[in-house]
Amino acid sequence: MKTKITELLGIEYPIIQGGMAWVAEYHLVAAVSEAGGLGIIGAGGAPAAFVREQIQKTKELTNKPFGVNVMLMNPEADEIAKVIVEEGVQVVTTGAGNPGKYLADWKAAGIKVAPVVASVGLAKMMERAGVDAVIAEGTESGGHIGSATTMTLVPQVVDAVSIPVIAAGGIADGRGFAAAMMLGAEAVQMGTRFVVAKESIVHENYKKKILAAKDIDSEVTGTTHGHPVRQIRNNMTREYIKLEKAGAPFEELEHLTLGALRKAVVEGDTVNGTLMAGQIAGMIKEEMTCAEMIREIMEQAESLLKIS
Ligand code: TUI
């Protein structure tokens with residue numbers, strides 16, 4: 001399927017894998033890109049040297065385009081921005097902030113840049129700053145989120161900018177893909193579905209929690225200090241929300257989340273770990289390869305959109 005995004009990024013299918021911290025490492029990234037989508041390394045809170053290594057390992061597994069996501073709250077974001085240029089990465093996405101200060105260097109290096117935006121205001125600012133596309137991410141997403149839903153955000157961003165829009169948040173099958181296209185998107189970004197890909201190195205316990213999740217099993221922590229994070233409800237979220245309701249200061253809450261994503265992804269700690277996942281987890285019932293997922297989504301979407 002050809003869209004402005006497949007043309008821009010040189011990929012076969014308009015499906016982009018979310019740049020999830022700890023989860024989106026080189027095995028998953030290469031598998032998505034090899035399957036014709038766009039794999040994205042999630043730099044998360046990792047050091048720049050680790051990100052460089054991930055880029056090099058991805059290049060060993062695929063010759064197809066792939067990207068890096070820069071989580072802008074990372075204290076090493078400046079160094080990571082340089083590594084991306086030095087390593088000749090073709091696509092950059094950003095999250096959790098405004099990437100304005102890096103754009104000149106990335107554009108000078110010919111990198112395609114698509115920041116995640118959670119509002120029309122930031123989308124317009126990013127277009128003026130010269131980015132190639134924006135990812136409009138709704139509050140259905142896992143991890144750090146904004147407040148607008150995908151259904152409301154995507155068409156409003158599409159109307160406000162002339163660059164291509166990628167829809168994210170709550171999309172995990174061909175129906176969601178087709179709906180995003182109807183809203184005016186040129187591609188989708190999916191996170192949660194790729195967490196349970198066969199090629200994903202995420203601990204089996206975490207995958208089982210996603211596969212067993214029901215529609216209302218996610219919870220948003222961090223609303224009181226401005227960093228809302230969606231994750232599957234567990235002991236940690238119950239404790240966190242209890243403390244938040246009691247008016248606990250950020251420092252007291254922070255000790256619950258420090259290293260908690262690693263605990264979930266690497267150690268499989270589903271009790272005290274952060275099981276980041278989107279609201280669509282309830283629909284995801286099967287572990288598949290990235291190629292199987294992408295084929296299934298495209299077949300379903302093409303039949304719904306009546307294109308061939
Ligand atoms: O970034 C994400 N999702 C993430 S990052 C992350 S790592 C983390 N771990 C614990 C606590 C906090 C983060 C886990 N998941 N998605 C992209 C995204 N960006 N969602 C929302 C935004 C966003 C929000 C506000 C982007 C820009 C923004 O405003 C920027 C500004 O300065 O105006």
Side-chain angles (χ1 to χ4, degrees), residues 16-25 40-47 51 67-77 80 92-103 113-129 131 133-150 153-154 157 165-171 188-192 194-195 202 206 218-232 236-237 240 244 250-251 253-265 273-279 281:
I16 292 168
Q17 163 248 309
M20 302 164 282
W22 288 103
V23 173
E25 52 68 75
I40 297 188
I41 295 166
V51 178
V68 174
N69 174 269
V70 183
M71 204 280 283
L72 294 161
M73 294 190 296
N74 184 327
E76 292 199 22
I80 293 169
V92 174
T93 66
T94 63
N98 180 341
K101 68 172 173 168
Y102 306 119
L103 293 180
V113 183
V116 169
V117 299
S119 67
V120 166
L122 188 62
K124 285 165 85 168
M125 195 191 296
M126 290 294 98
E127 179 179 43
R128 281 198 300 273
V131 305
V134 288
I135 304 170
E137 187 185 282
T139 194
E140 297 92 322
S141 305
H144 179 68
I145 49 171
S147 57
T149 60
T150 303
L153 182 66
V154 173
V157 171
V165 176
I166 299 161
I171 301 165
V188 300
Q189 176 180 279
M190 301 195 310
T192 308
F194 284 121
V195 176
V202 168
Y206 191 157
S218 81
E219 195 87 80
V220 181
T221 59
T223 48
T224 54
H225 58 81
H227 293 297
V229 172
R230 184 180 301 284
Q231 52 202 294
I232 294 174
M236 200 281 270
T237 63
Y240 196 107
E244 275 196 300
F250 177 65
E251 296 69 39
L253 297 164
E254 201 185 15
H255 86 270
L256 285 175
T257 53
L258 273 180
L261 183 57
R262 184 190 169 279
K263 248 187 242 173
V265 174
T274 300
L275 300 165
M276 291 187 191
Q279 288 183 319

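Counting begins at 1 with the first residue of the sequence. These numbers come from the heavy atoms of this one structure, side chains and all, not from hydrogens, waters or symmetry mates. Everything numeric in this text was worked out from a predicted model, so none of it was measured. One-based numbering, in listed order, for ligands and for the atoms of each.
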Q: Do me a favour and list the nearest non-hydrogen protein atom to atom 33 (O) of ligand 1 with residue, atom name and distance?
A: Leu122 CD1, 4.2 Å
Q) Which ligand 1 atoms does Met73 reach within 4.0 Å, using its non-hydrogen atoms? A) 12 (C), 13 (C)
Q: Give the residue and atom name of whichever protein heavy atom lies nearest to atom 10 (C) of ligand 1, and the separation in Å to one decimal.
A: Met276 CE, 4.1 Å
Q) With a 4.5 Å heavy-atom cut-off, do Val116 and Thr94 have their side chains touching? A) no
Q: Report the distance from atom OG1 of Thr221 to atom CG of Leu253, rounding to the nearest 0.5 Å.
A: 9.0 Å
Q. When you look for heavy atoms under 4.0 Å from ligand 1, do you find them on the side chain of Val117, its backbone, both, or neither?
A. neither
Q. Which atoms of ligand 1 sit under 4.0 Å from any heavy atom of Gly143?
A. 14 (C), 15 (N)
Q | Residue, atom name and distance, where the atom is the protein heavy atom closest to atom 17 (C) of ligand 1 | A | Val116 CG1, 3.2 Å
Q: Mind checking whether Thr274 contacts ligand 1 via backbone (N, CA, C, O), side chain (CB onward), both or neither, at a 4.0 Å heavy-atom cut-off?
A: neither
Q.
I need the contact type for Met20 against ligand 1. Using non-hydrogen atoms and a strict under-4.0 Å cut-off, is it side chain, backbone, both or neither?
A. neither
(Q) What protein heavy atom lies closest to atom 16 (N) of ligand 1? Include the residue and the distance to one decimal. (A) Glu137 OE2, 3.2 Å
Q: Would you name the heavy atoms of Val113 and Leu103 that are closest together and state the gap between them?
A: CG1-CD2, 3.7 Å
Q: Applying side-chain contact (heavy atoms from CB on, under 4.5 Å), run through Thr93 and Ile135 and close with a yes or a no.
A: CA-CA 8 Å; Thr93 66; Ile135 304 170; 3.6 Å; yes
(Q) If you compare all heavy atoms of Ile166 against all heavy atoms of Ala133, which two are closest, and at what distance to 0.1 Å? (A) CD1-CB, 4.4 Å
Q | Close N or O approach (Ala96, ligand 1; < 3.5 Å) | A | yes
Q) Taking N or O atoms only and a 3.5 Å limit, does Thr94 qualify as a polar contact for ligand 1? A) no
Q) Val134 versus Glu127: any side-chain heavy-atom pair under 4.5 Å? A) no
Q | Minimal non-hydrogen separation, Leu153 against Val120, with atom names | A | CD1-N, 4.3 Å
Q) Leu275 and Ala264: which non-hydrogen atoms are nearest, and at how many Å? A) CD2-CB, 3.9 Å
**Q.** Protein contact to atom 7 (S) of ligand 1 [nearest heavy atom, distance to 0.1 Å]
**A.** Met71 CE, 3.9 Å
(Q) Among all the protein's non-hydrogen atoms, which is closest to atom 25 (C) of ligand 1, and how far away is it? (A) Gly97 N, 4.7 Å
Q: If you have a sec, work out which protein heavy atom is nearest atom 11 (C) of ligand 1 and how many Å separate them, to one decimal?
A: Val229 CG2, 3.7 Å
Q | Check: Gln279/Ser218 side-chain N/O donor and acceptor closer than 3.5 Å | A | no
Q. At under 4.0 Å between heavy atoms, which part of His144 makes contact with ligand 1: side chain, backbone, both or neither?
A. both
Q) Got a donor-acceptor contact below 3.5 angstrom from the Thr150 side chain to the Gly169 backbone? A) yes
